[in-house]
Amino acid sequence: MSKPAAGGRPGIAPLLARVLPLLVTLAGCMRGAAPPAYVAGPALEGPKHRGGRAVFVREEDPDFLDPALSYGSYTGPVIESVFRTLLDYANAPGMAGTRLVPELAQSLPEVREGGTLYCFRVRRDARFSPPLRRHITAADFKYAMERLYKVGSPGCNFYRGIVGVRRVLAGQNSVIPGIIARGDSLYFRLERPDPIFTSVLALPFTAPVPREVIERHPNDFSQHTVATGPFMITEFVPRRRVVLVRNPDYCGEPAWLDTLELRLGVSPLNAVALIRRGLADGGFFEVPPGDFVRLESDPYWKNQVMVADGINTEYLFMNAGIKPFDDVRVRQAVNWALDRRAIVKMYAGKATVAGEFLPPSMPGYEPLARYQGPDTARARRLLREAGYPQGVDVTLYGWTVEPGPRELALVQQQLTDVGIRVRLDLGETAGYTSMAENVSNHVAFGIYGWYADYVDASNFFDPLLNGHRIQAIHNINLSLFDDSKTNEMIERAMATPDDSARIALYRKIDRRVMDLAPVAPMIHLYESRLYSPRLGGWYRHVTRLIKLEQLYLKSAPREPPVATRGSTRPAHG
Amino acid sequence: MSAEPIPVLALDPAVRSPAADVWRRFAADPWAMSGLAFLALMLLAALAAPLLVKDVLHQSAFRQRVMDRVTVGGREVDVVSDLGIPIGPTPEFPLGADLVGRDVLSRIIYGARISLAISGFGTLLALLLGLAAGLLAGFYRGVWDTVISRFVDAMMAIPVLLLAIALASVLRQGNLLMMVLILALVNWTYLARIVRAEVLSLRERDFVEAARALGANDAAILAKHLLPNLVGPVIVFATLSMAGNILLESALSFLGVGIQPPTPSWGNMIQEGLPLYNVAWWITLFPGIAIILTVLSLNLVGDGVKHALDPRARSAA
């Protein structure tokens with residue numbers, strides 16, 4: 001900042017001092033990246049190279065490094081590579097990745113008693129990571145699952161079908177009689193058959209944690225993690241880095257990399273520059289639109305950009321218990337006011353307009369194409385009918401991660417056009433979501449996005465719109481939507497073993513949700529990621545986003561490439 | 001014997017008032033004059049912003065036009081393409097459009113209002129605080145001087161940007177009055193030091209002694225004898241401080257703790273353009289040029305005023 005020294009002449013020197021670093025940075029960014037020396041794309045033509053260190057980047061800190069508490073989609077891959085549980089999803093792209101495989105269990109469960117008893121055996125070689133290095137027993141799973149209810153985990157309600165969980169949720173008990181641990185044998189007794197129970201068991205919420213470590217560090221397990229997966233966390237410095245190192249005691253296929261460092265505080269813009277200059281290998285960020293356009297037009301780098309269906313819906317939630325959103329007509333007016341095509345442009349076209357809550361690729365998806373506005377006249381009429389002829393003032397909460405501010409500024413104008421005067425209140429994602437998920441904060445209106453944890457529509461309807469799942473903290477039914485008929489339909493669908501009947505029910509639920517409009521779905525997003533040419537093994541896993549343990553460094557090429565000045569093409573590509 | 005004609009005393013036309021003399025020297029400096037001309041132009045544009053944007057440019061600084069189409073060279077094009085790239089400089093958008101299809105020129109003009117108003121009033125408030133503190137410390141010395149000087153030292157030990165970010169985070173973000181307050185709070189200490197040093201010297205001069213001997217009280221001495229002698233350094237400080245304030249406001253808005261969108265400020269315009277700086281360069285470049293030219297103009301004017309007030313400084317240099 002310019003400060004005139006007493007009697008001195010600031011002149012041009014301080015100005016130059018300010019401007020020069022900016023110019024140097026810009027020049028550095030505009031200069032062509034060094035020619036890459038590896039075959040483009042996720043696969044390798046030669047043998048995979050075991051070992052080495054890769055660097056990933058991310059703008060914000062992980063929400064938690066505790067499997068009971070973490071539920072952020074960007075933190076997910078880290079959590080899933082460190083905290084493994086009984087089951088996992090197959091290592092395969094596309095729908096083949098939805099197949100469940102045993103992980104810490106010896107085999108897939110034996111289902112008895114008409115589908116109400118699931119029997120597992122824990123692998124004999126399953127061990128906690130150093131320094132604990134002890135065998136994982138069935139009791140560790142039971143302890144971890146009972147702990148969910150002590151810490152108010154966002155995953156609590158996934159397991160309410162287990163006998164005794166409802167009493168625990170009601171605060172009448174702290175142990176779950178429906179989870180029986182005997183040595184290495186683990187049994188789950190359900191109230192009734194549940195066709196998606198194995199899917200929710202595969203979520204990292206059920207990952208075993210050692211009681212002795214938790215009791216020693218009840219409030220900062222994130223700093224004293226004990227891994228059960230292919231990686232273990234050796235360092236976590238908030239705002240700086242998370243260091244993952246291969247877990248020598250992991251009982252499954254070991255990770256290819258020795259070390260994966262996750263650097264925090266790196267904006268997407270800087271992340272792209274770092275990857276292109278060979279200083280990082282990937283990250284958890286959306287490729288900024290400007291870079292996306294340039295990378296896509298580069299014959300080499302376009303192979304390093306991964307664009308994949310996110311099985312995602314980004315939506316505005318409206319708290320049905322708070323004025324003016326307690327009136328369905330106001331919620332519908334919001335839906336009619338939105339011009340979703342404009343929002344798609346903010347994502348550089350990497351999204352589709354959402355006229356329904358379920359995303360494409362989700363079984364049960366039906367293109368309803370509801371509220372394809374903007375229809376300002378209808379929105380204004382609905383507002384008038386709801387008793388707001390002069391319009392209404394609301395605060396819209398959201399995140400600052402790109403393109404959040406632009407997207408919400410767009411929404412702000414679209415709503416203002418129909419008389420809903422919006423004040424924006426934006427914050428860092430982790431802080432904003434924690435605040436919104438705490439019911440006592442009474443957040444009436446905000447943005448939220450949901451990625452599928454497993455490929456069943458209940459993963460969207462049950463946690464996000466079932467009134468029975470509302471909880472005081474870590475509540476993700478942000479609309480506090482509690483419609484008895486919708487609740488009943490969701491629970492009936494979840495208990496329907498026949499796939500086609502269940503899917504038919506999900507379609508009905510989607511139509512009802514769009515009619516009652518507790519949410520305003522905006523877009524179904526396609527994810528875009530950029531990886532360095534030396535990194536192999538990356539692909540978009542349908543539920544795990546990316547399997548970090550499958551990443552490897554490509555072997556160096558036998559012949560050094562001929563560098564072409566200013567070119568971004570590989571000499572041998 | 002013829003009487004010698006008595007010479008008639010006449011005023012030398014070369015002798016002018018001190019103010020006219022200062023202006024003559026200032027006007028002789030082409031750099032200072034060009035800076036002043038640019039600032040005058042910017043100020044006029046800022047004052048007439050609504051008129052200029054609506055009636056001359058036929059645009060809006062706030063209306064987003066993501067889904068609009070315009071005719072360029074006889075062909076219809078999107079203001080914002082399907083890939084999210086806004087239209088560049090065209091007759092309808094002389095400096096291009098921003099990421100949500102708003103006219104960059106219109107926003108720069110409105111941004112001038114914000115930047116000039118905040119930095120101007122911030123400087124004014126800093127002047128009031130700095131003058132008061134400097135006069136008290138320099139004139140009364142003793143406890144006043146010790147307390148004020150140590151407080152100023154402590155304030156100056158904190159990095160300015162950090163202090164401003166801390167204040168902006170604690171106070172309400174984006175509020176214009178709060179921004180003025182923040183800029184004043186991080187700036188007044190510099191003037192307090194300058195004024196204190198000047199007053200320490202002035203209070204020992206004969207004219208102050210004479211005023212005291214004639215029965216003038218402290219308030220009269222401060223107001224009638226010391227304050228007028230501080231005009232020079234204060235004007236120099238004001239112009240240079242305004243330049244610093246524009247940069248600081250831009251930096252705070254760029255960092256997201258200053259003026260909040262959709263209100264345009266040059267700093268937040270640059271910040272908003274960053275995601276597409278490599279394909280839509282006009283969004284960041286033109287507000288950047290506006291900042292550079294305005295700050296440069298203020299520096300040139302400040303420099304010109306300084307040398308006009310003290311011509312010996314230039315010859316010594």
Side-chain angles (χ1 to χ4, degrees), chain A residues 1-12 14-15 18-19 22 26 29-30 267-270 272-273 286-294 296-297 339 341-350 374 400 402-403 405-414 416-417 423-428, chain B residues 62-64 66-67 78 80-85 98-101 156 159-161 164 186-187 190-191 193-194 197 233 236-237 239-241 243-248 251 256 260-262 271-280 284 288 292 295-296 298-300 302-303 306-307 310 313 317:
Chain A
M1 127 115 206
S2 160
K3 282 285 168 200
R9 172 186 168 145
I12 203 78
L15 264 182
R18 269 177 230 122
V19 172
L22 184 65
L26 280 174
C29 293
M30 286 172 173
S267 72
L269 217 56
N270 289 341
V272 171
E286 276 298 316
V287 179
D291 288 300
F292 182 73
V293 172
R294 283 163 68 104
E296 280 290 293
S297 61
D339 188 345
R341 298 164 305 160
I343 295 168
V344 169
K345 287 189 179 189
M346 294 300 102
Y347 282 90
K350 295 176 292 176
T400 50
E402 266 296 316
R406 278 184 290 141
E407 182 186 7
L408 292 173
L410 210 58
V411 169
Q412 182 183 34
Q413 177 174 294
Q414 291 166 1
T416 305
D417 285 348
R423 188 179 80 82
L424 291 180
D425 192 330
L426 310 183
E428 203 177 339
Chain B
F62 301 95
R63 185 81 205 154
Q64 299 163 2
V66 178
M67 298 306 292
D78 290 331
V80 178
S81 77
D82 287 342
L83 288 174
I85 314 295
D98 74 0
L99 298 175
V100 284
M156 290 176 85
V160 170
L161 193 57
V186 298
N187 257 323
Y190 295 86
L191 183 67
R193 265 198 178 173
I194 298 168
V236 173
F237 169 83
T239 48
L240 299 181
S241 172
N245 279 348
I246 285 179
L247 286 176
L248 184 58
Q260 298 297 302
Q271 199 266 341
E272 284 172 2
L274 270 188
L276 279 178
Y277 77 100
N278 43 9
V279 286
T284 46
I292 290 172
V295 170
L296 185 64
L298 282 163
N299 278 327
L300 290 172
D303 209 32
K306 192 176 117 204
H307 291 123
D310 184 8

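A, B, ... follow the sequence lines: proteins, then strands. Residue 1 opens every chain. The shown structure was predicted, so the numbers you read here are calculated from the model rather than taken from an experiment.
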Exercise. So which of A/T400, A/V344, A/D417, A/L424 has the biggest tally of heavy-atom pairs under 4.5 Å with chain B?
Worked result: A/D417
For this session: Heavy-atom distances under 4.5 Å only: say whether B/L191 touches chain A with side chain, backbone, both or neither.
Result: neither
Exercise. Which heavy-atom pair separates B/L99 from A/M346 by the least distance, and what is that distance?
Worked result: O-CE, 3.4 Å
For this session: Go through the atoms of A/E296 and report whether side chain, backbone, both or neither lie under 4.5 Å from a heavy atom of chain B.
Result: neither
For this session: Would you check if A/Q414 and B/Q64 make a side-chain contact, meaning some heavy-atom pair closer than 4.5 Å?
Result: no
Problem set entry | B/D78 versus chain A, the contacting section by heavy-atom distance below 4.5 Å | side chain
Problem set entry | chain B interface, residue from A/P288, A/P403, A/S267, A/P289 that has the most non-hydrogen pairs under 4.5 Å | A/P289
Exercise. Closest heavy-atom contact between B/L274 and A/L269?
Worked result: O-CD2, 3.4 Å
Exercise. With chain A, which of B/I85, B/V66, B/V279 has the greatest number of heavy-atom pairs at distances under 4.5 Å?
Worked result: B/V66
